[in-house]
Amino acid sequence: WRSQNFPWTKKLEANNKKVFGNHSFRPNQREVINATMSGCDVFVLMPTGGGKSLTYQLPALVCPGITLVISPLVSLIQDQIMHLLQANIPAAYLSANMEWTEQQEILRELNSDYCKYKLLYVTPEKVAKSDALLRQLDSLYVRELLARIVIDEAHCVSQWGHDFRPDYQGLGILKQKFPNTPVLALTATATASVKEDVVQALGLVNCIIFRQSFNRSNLWYSVIPKTKKCLEDIDKFIRENHFDECGIIYCLSRMDCEKVAEKLQEYGHKAAFYHGSMDPAQRAFVQKQWSKDEINIICATVAFGMGINKPDVRFVIHHSLPKSIEGYHQECGRAGRDGQRSSCVLYYSYSDYIRVKHMLSQGSIEQSPLTGYGRANMTNSGRILETNTENLLRMVSFCENDVDCRRLLQLAHFGEKFDSATCKKTCDNCLKIKSFIEKDVTETAKQLVELVKLTGQHFSSSHILEVYRGSLNQFVKKHRHETVRLHGAGKHLAKGEASRVLHYLVVEDFLVEDVKKNDIYGSVSSILKVNEAKVRNLFGGQRIILRFPSSVKAPKQGKPEV
Ligand code: ADP
Ligand code: ZN
């Protein structure tokens, strides 16, 4: 597909320069365009900022007929249309919250043999609900004017993805109704299972897949233990590494956003908050101030970031645990789109896992606009909750890992092999670790499980660890846990080792965190329970081997030493 000898090559190159102002193609752009223009169904995995829009906008311009683009958010669509009109490419969109007369006018224009539009954008809901639209598409199809169907953010089709949108699942109807129109599915995030789902649900035929490495070599990753001084740490980090530069701090709750922003303002940063309960005008105002560099730090929920095209974001900080590795990767991906070195710092504490888990089960967590759009509270139902919890546990496991390359861990999640030597010490683990040792921790694991049972499966993980280390604090004494057989059995272990093992047992489902809201105080508490079925293997001879760094330099924040 790389060939430059397709009948349309000259025209493509000329328009790429003249209309879009690009001097060349980016990786895979030419290949994708050639494949889709040859009439094949194509699936494209390209990282954020890779240049997906061009792969359908350029063909739309040089092919006869109209390109239908399904895009998840009206705000994204409006942004795209503004850019297209600026480049003199006639484009329109249809959405449910548009005036009926306006919709009628667009539909009428589509009906004309001399329709001026090259691209028509719609939301997936529109495809699902509007017979008028389907009739119009039918008429275009019969007149051979439906040039191409583009599914943007195609991972929304899949329940396994982090942005599942039920209306995307109905898009399979397009291929059934218009079998001769090539489909182009685009996404910046997809694991192997998501990809399978998308291809199946959309009914893509002999689909050609393009994917490129999702490694972002200019981003420097680190995970730092979150303490009570977290906000001071963040202030220090920004001051030392990115003062007066632009960044995003992702927070879990709306209240966190406001608290973090206020504190950073006190520390003298130009910070503001952004979340879903602000009204649209407020949000637009903050976004604008940020684009114009009047504010340089945004403390936001994941509601912020979709379609944000600021190229010089120098840091992305996670103040709390992200919901999934995909989400983490995408949020980090908003840093350094200009290719310059940028930092991604995650402040991790195990207790945040319990908080996020609780919020997921309540459906009270703020979603990215993709998921949240038109469908609140889907997160706490059966299978979706299960998937969400699994995704969250993978994220815990990522954070608990202080040995393997952060790039390797992320890319493995996307089914991509990565040689950690290529990281060149641009992640915390590669930077600090000289070597690691493998240690058989089966005995510790068994003892911890036993301790959970001996104390009646009524206590939190931190309490279990206290007892295991031999603490005599008041709470231990109150429950007379100093008299329990395994009290102090883990005294001799290196600092942090018991908690590593305990958290591993949770991640691997030997132990389960049972999260509850405390009715009296409204706080969240969690107790550990034993998963008997899994634990049977452990006592039946299964070994647990964990890797620990054998020589650790003090973890360093900030820019990589390259
Ligand atoms: P994606 O949708 O993959 O995140 P976009 O399509 O929004 O990426 O493109 C990201 C940026 O890259 C845009 O500003 C776009 O103008 C620019 N861009 C795309 N293709 C090229 C190219 N071939 N040469 C230079 N800039 C490009
Ligand atoms: Zn690394």
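Atoms considered below: every heavy atom in the structure, side chains included; atoms not considered: hydrogens, waters and symmetry mates. Just follow the structure's listing: the first ligand is 1, and inside any ligand the first atom is 1.
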Just to confirm my output: which protein heavy-atom neighbour is closest to [atom], and how far is it?
| atom | result |
| --- | --- |
| atom 21 (C) of ligand 1 | Asn22 ND2, 3.6 Å |
| atom 15 (C) of ligand 1 | Arg26 NH1, 5.0 Å |
| atom 10 (C) of ligand 1 | Gly49 O, 3.8 Å |

Please confirm whether [X] comes within less than 3.5 Å of ligand 1 when only nitrogen or oxygen atoms on both sides are compared.
| X | answer |
| --- | --- |
| Asn16 | no |
| Arg337 | no |
| Phe25 | no |

Original post:
Closer than 2.8 Å to the Zn ion (ligand 2), how many protein N/O/S atoms do you count?
Top reply: 4
Original post:
Given the protein's heavy atoms, is any one of them under 4.0 Å from atom 13 (C) of ligand 1?
Top reply: no
Subject >> Under-4.0 Å heavy-atom contact between protein and atom 26 (N) of ligand 1 >> reply: yes
**OP:** Show your reasoning for whether side chain to side chain contact (heavy atoms under 4.5 Å, CB included) applies to Cys257 and Thr301.
**Re:** CA-CA 7 Å; Cys257 295; Thr301 60; 3.6 Å; yes
**OP:** Please confirm whether Arg406 makes a cation-pi placement over Phe398, using NZ or CZ under 6.0 Å from the six-membered ring centre and within 45° of the ring normal.
**Re:** yes
Original post:
Looking at ligand 1, does Gln29 have a heavy atom less than 4.0 Å from it?
Top reply: yes
Original post:
Any chance the rings of Tyr353 and Tyr348 have centres within less than 6.0 Å?
Top reply: no
**OP:** Answer with yes or no after comparing the ring centroid distance for Tyr347 and His318 against a 6.0 Å cut-off, counting only values under it.
**Re:** no
About how many Å separate [atom2] of [Y] and [atom1] of [X], when rounded to the nearest 0.5 Å?
| X | Y | atom1 | atom2 | value |
| --- | --- | --- | --- | --- |
| Arg341 | Asn218 | CZ | CG | 10.0 Å |
| Thr55 | Phe210 | OG1 | CZ | 10.0 Å |
| Thr422 | Leu408 | OG1 | CG | 9.5 Å |

Original post:
Which pairs count as salt bridge (Lys or Arg N to Asp or Glu O under 4.0 Å) when at least one residue sits in residues 32-54, sequence neighbours excluded?
Top reply: Asp41-Lys175
Subject >> From the candidates Ser53, Gly50, Ser24, the one that places a heavy atom nearest atom 5 (P) of ligand 1 >> reply: Ser53
**OP:** Quickly, which of Arg334, His319, Glu331 forms a side-chain hydrogen bond (donor to acceptor under 3.5 Å, both in side chains) with Tyr250? Name it, please.
**Re:** Arg334
Subject >> Heavy-atom neighbours of Gln200 CD exceed 12 at 6.0 Å >> reply: no
Subject >> Ion pair check, Lys288 and Glu294, cut-off under 4.0 Å >> reply: no
Original post:
Which atoms from ligand 1 have a heavy atom of Gly51 less than 4.0 Å away?
Top reply: 1 (P), 3 (O), 5 (P), 6 (O), 8 (O), 9 (O), 19 (C)
